[in-house]
Enquirer: 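Below is one structure. I have some questions about it.
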Number of protein chains: 2
Amino acid sequence: MSTLNKDSYLPYYLQIKDILKERIMNKAYHVNMLIPSENDLCGEFHVTRATIRNALNELKKEGLIYTAKGKGSIVSPPKIEQSLLKFYSFGREFSDTNETIVSKFLNKAVIGASPAISRKLNTKPNTEVFEIIRVRIFNDLPLILETSYIPVHIAPDMLENNMEEESIYDLLESKYGVKIVKAKEYIEPQVSNDYESKYLDIVYHSPVFYTERISLTYGEKPIELRKSIIRGDKFKFYTELY
Amino acid sequence: MSTLNKDSYLPYYLQIKDILKERIMNKAYHVNMLIPSENDLCGEFHVTRATIRNALNELKKEGLIYTAKGKGSIVSPPKIEQSLLKFYSFGREFSDTNETIVSKFLNKAVIGASPAISRKLNTKPNTEVFEIIRVRIFNDLPLILETSYIPVHIAPDMLENNMEEESIYDLLESKYGVKIVKAKEYIEPQVSNDYESKYLDIVYHSPVFYTERISLTYGEKPIELRKSIIRGDKFKFYTELY
DNA sequence: GAGTGGTCTAGACCACACC
DNA sequence: GTGTGGTCTAGACCACTCA
């Protein structure tokens with residue numbers, strides 16, 4: 001049972017949106033869960049359905065929920081984990097079904113952060129960070145080479161976990177109580193170096209997308225820097241304009 | 001005065017959206033124009049304001065209009081002409097103000113379309129097409145190398161126009177009555193070849209974005225194929241995720 | 001002050017999902 | 001059949017823009 005601030009400069013529907021968003025972030029409404037029906041929410045907040053629908057529409061626009069007619073509103077899986085797959089549409093080699101995605105770990109270590117890395121993670125230079133390097137393999141094809149940097153003090157014994165089975169973000173949240181709530185991502189064209197070419201099974205100096213993602217927890221605090229090299233021959237960005 | 005199809009499987013608000021969209025495409029509602037107020041539209045379509053607002057919301061989502069409180073709903077400028085500038089945020093070298101954008105023409109010719117080009121333009125192989133090559137120069141820095149292909153029969157004496165002064169899309173519309181209503185754009189990473197490197201003033205084999213845009217008129221009919229090479233050292237794609 | 005979009009109430013009927 | 005989101009009606013008051 002929640003009450004709205006009648007005197008807030010924020011309209012009801014935005015206040016409700018914020019409350020529901022908070023519940024999603026808190027996992028009070030967890031992923032793939034049906035949230036309370038529009039009528040239930042009307043009861044809880046003492047507003048009409050139009051107001052609730054306005055709030056839910058905002059959440060839809062942000063991609064936090066989606067609706068299923070006859071069923072209800074459902075919490076979307078976080079976009080962060082699969083952003084690349086949404087930004088790029090696969091080439092013809094792939095269909096949406098029968099995909100297998102496998103991770104192969106190339107390295108897990110503790111290193112001193114370089115100036116560039118510590119700046120992006122907002123830590124002191126040379127702070128200890130985990131360096132985790134993986135190849136993401138889709139249907140037996142190595143497509144993405146990912147390097148993650150996470151300050152050791154965030155998740156001290158992280159490397160002892162079985163990371164093959166659980167996503168890094170899930171691990172950070174379940175074992176270390178660190179929730180990723182936002183991410184910034186940059187994409188540039190690049191050419192593959194020796195190392196990247198080898199693990200992505202492409203020729204040296206092939207065109208690739210280079211992406212850098214900084215994942216943040218509450219208060220804009222950086223948690224992870226992830227650099228990815230994505231095969232340019234298999235990924236394409238597509239968009240329609242009017 | 002328009003009437004809605006009461007038996008259509010399409011709800012009123014989507015029918016209204018389509019009608020309004022058509023008017024925008026037709027320039028019945030032209031760019032930067034205030035469209036009729038919500039109350040006027042209620043009168044025209046004999047529906048309530050909620051339905052009209054629903055329709056306008058769809059148009060907002062597609063970026064065709066935007067709203068100004070106290071004024072009304074306004075037709076947005078087309079996104080097609082400036083898509084690249086919207087997709088990519090400039091590097092630090094640039095500010096939003098004081099930009100100068102110049103085009104330098106490298107070639108204007110009539111050629112026989114290659115199989116790949118004619119396929120994309122949906123014409124017979126070897127159909128005559130204009131090939132127009134330009135360098136786009138921002139603040140004295142060559143950033144984009146653009147090659148346009150347009151079937152000659154679409155705009156027979158096109159090359160006689162002063163294309164330095166008017167955009168190709170404006171020209172196609174004002175002189176030849178061909179309106180671009182939609183575009184599809186693909187983006188890939190690539191490396192610059194000899195020719196591209198020379199005109200973009202970058203070293204051979206530099207990483208670049210390669211984009212292909214197919215501009216369509218009514219009925220999904222292709223009008224222009226535009227291939228662009230964009231300097232990877234100056235353009236970056238940026239996005240935020242939740 | 002008249003007109004606009006923004007917000008909200010209080011209802012209604014529908015198609016769809018699930019039991 | 002019951003509950004859900006999708007659509008729609010018929011009103012209302014507000015803050016804002018502009019003359």
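A, B, ... follow the sequence lines: proteins, then strands. Residue 1 opens every chain.
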Enquirer: Taking atom types as modelled, find out whether B:Asn122 and B:Lys221 have a side-chain donor-acceptor pair closer than 3.5 angstrom.
Expert: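 No, no side-chain donor-acceptor pair sits under 3.5 Å.
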Enquirer: Anything under 3.5 Å between a protein N or O and an N or O of nucleotides 7-11 of chain D, put it in a table, one pair a line.
Expert:
| residue | atom | partner | partner atom | Å |
| --- | --- | --- | --- | --- |
| D:dT7 | OP1 | B:Tyr13 | OH | 2.9 |
| D:dT7 | OP2 | B:Tyr13 | OH | 2.9 |
| D:dC8 | OP1 | B:Tyr12 | N | 2.4 |
| D:dC8 | OP2 | B:Tyr13 | N | 3.1 |
| D:dT9 | OP2 | B:Thr48 | N | 2.9 |
| D:dT9 | OP2 | B:Thr48 | OG1 | 2.9 |
| D:dT9 | OP2 | B:Thr51 | OG1 | 2.7 |

Enquirer: List the residues meeting salt bridge (charged side-chain N to carboxylate O under 4.0 Å, His left out) with B:Lys61, not counting sequence neighbours, and say none if there are none.
Expert: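 Expected list: B:Glu58.
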Enquirer: I'd like to check A:Ile230 versus A:Val208 (side-chain heavy atoms, cut-off strictly below 4.5 Å). Are they in contact?
Expert: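 No. Closest side-chain heavy atoms not under 4.5 Å.
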Enquirer: Could you list the protein-to-nucleotides 16-19 of chain C atom pairs, N/O on both sides, closer than 3.5 Å?
Expert:
| residue | atom | partner | partner atom | Å |
| --- | --- | --- | --- | --- |
| C:dC18 | OP1 | A:Lys71 | NZ | 3.4 |

Enquirer: Look at A:Ser73 and D:dT4 and indicate whether a side-chain polar atom (N or O) is within less than 4.0 Å of OP1 or OP2.
Expert: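 For D:dT4, OP1/OP2 do not have a side-chain N/O of A:Ser73 under 4.0 Å.
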Enquirer: Quick one: B:Ile35 CD1 to C:dT4 P, roughly how many Å, whole number?
Expert: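 Distance check: B:Ile35 CD1 to C:dT4 P gives 12 Å.
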Enquirer: Please list, chain by chain and in numerical order, all residues satisfying side-chain contact (heavy atoms from CB on, under 4.5 Å) with A:Leu34, sequence neighbours excluded.
Expert: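 A:Leu34 satisfies side-chain contact (heavy atoms from CB on, under 4.5 Å) with A:Ile74 only.
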Enquirer: Does B:Lys27 have any salt bridge (charged side-chain N to carboxylate O under 4.0 Å, His left out) partners at least two apart in sequence or in another chain, and if so, which?
Expert: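 B:Lys27: salt bridge (charged side-chain N to carboxylate O under 4.0 Å, His left out) contacts with B:Glu173.
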Enquirer: Would you mind telling me which residue lines up with the more 5' stretch of DNA chain D, A:Leu56 or B:Ala68, judged by nearest nucleotide?
Expert: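 Result: A:Leu56.
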Enquirer: Checking B:Lys21 now: which residues fulfil salt bridge (charged side-chain N to carboxylate O under 4.0 Å, His left out) with it, not counting sequence neighbours?
Expert: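 Testing B:Lys21 for salt bridge (charged side-chain N to carboxylate O under 4.0 Å, His left out), a comparison that skips the adjacent residues, returns B:Glu62.
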Enquirer: Quick one: list whatever passes side-chain contact (heavy atoms from CB on, under 4.5 Å) with A:Asp40, sequence neighbours left out.
Expert: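 For A:Asp40 the side-chain contact (heavy atoms from CB on, under 4.5 Å) partners, ignoring immediate neighbours, are A:Pro36, A:Ser37.
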Enquirer: Rounding to an integer number of Å, can you tell me how far B:Asn39 CG sits from C:dG3 P?
Expert: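 Spelled out: CG on B:Asn39 to P on C:dG3 is 10 Å.
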Enquirer: So for the helix from C:dG1-D:dC18 to C:dC18-D:dG1, with five pairs setting each end axis, what is the inter-axis angle to 10°?
Expert: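 That helix has its two terminal axes inclined by roughly 10°.
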Enquirer: I need the CD-P distance between B:Glu58 and D:dG6, as an integer number of Å.
Expert: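 The answer, rounded to whole Å, is 12 Å.
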Enquirer: Rounded to the Å, how far apart are A:Ile74 CD1 and D:dG5 C1'?
Expert: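 For the pair A:Ile74 CD1 and D:dG5 C1', the rounded distance is 11 Å.
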Enquirer: Can you tell which of C:dT4, D:dG5, C:dG5 lies closest to the side chain of A:Thr67?
Expert: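 Given the options C:dT4, D:dG5, C:dG5, the side chain of A:Thr67 is closest to D:dG5.
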Enquirer: Sequence neighbours left out, what passes side-chain contact (heavy atoms from CB on, under 4.5 Å) with A:Thr67? Give chain and number order.
Expert: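 Checked A:Thr67 against side-chain contact (heavy atoms from CB on, under 4.5 Å); matches are A:Lys60, A:Ser73.
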Enquirer: State which residues pass ring-ring contact (aromatic ring centres under 6.0 Å, His included) with A:Tyr186; sequence neighbours excluded, sorted by chain then number.
Expert: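 So A:Tyr186 forms a ring-ring contact (aromatic ring centres under 6.0 Å, His included) with B:Tyr238.
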Enquirer: Taking atom C1' of C:dG6 as reference, at what distance in whole Å does atom NZ of B:Lys60 sit?
Expert: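 Computing the B:Lys60:NZ to C:dG6:C1' distance gives 9 Å.
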Enquirer: Looking at residues at least two apart in the chain, or sitting in another chain, which of them share a salt bridge (charged side-chain N to carboxylate O under 4.0 Å, His left out) with A:Glu212?
Expert: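 Salt bridge (charged side-chain N to carboxylate O under 4.0 Å, His left out) check on A:Glu212 returns A:Lys120.
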Enquirer: According to a strict under-4.0 Å criterion, is A:Ser37 in side-chain N/O contact with OP1 or OP2 of D:dG3?
Expert: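 Looking at the OP1 and OP2 atoms of D:dG3, neither is under 4.0 Å from any side-chain N or O of A:Ser37.
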Enquirer: Can you list the residues that meet the side-chain contact (heavy atoms from CB on, under 4.5 Å) rule with A:Glu38, with sequence neighbours excluded?
Expert: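 Listed in chain order: A:Arg49, A:Ile52, A:Arg53, A:Leu56.
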Enquirer: To the nearest Å, how far apart are B:Ile52 CD1 and C:dG6 C1'?
Expert: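 Taking CD1 of B:Ile52 and C1' of C:dG6, I get 16 Å after rounding.
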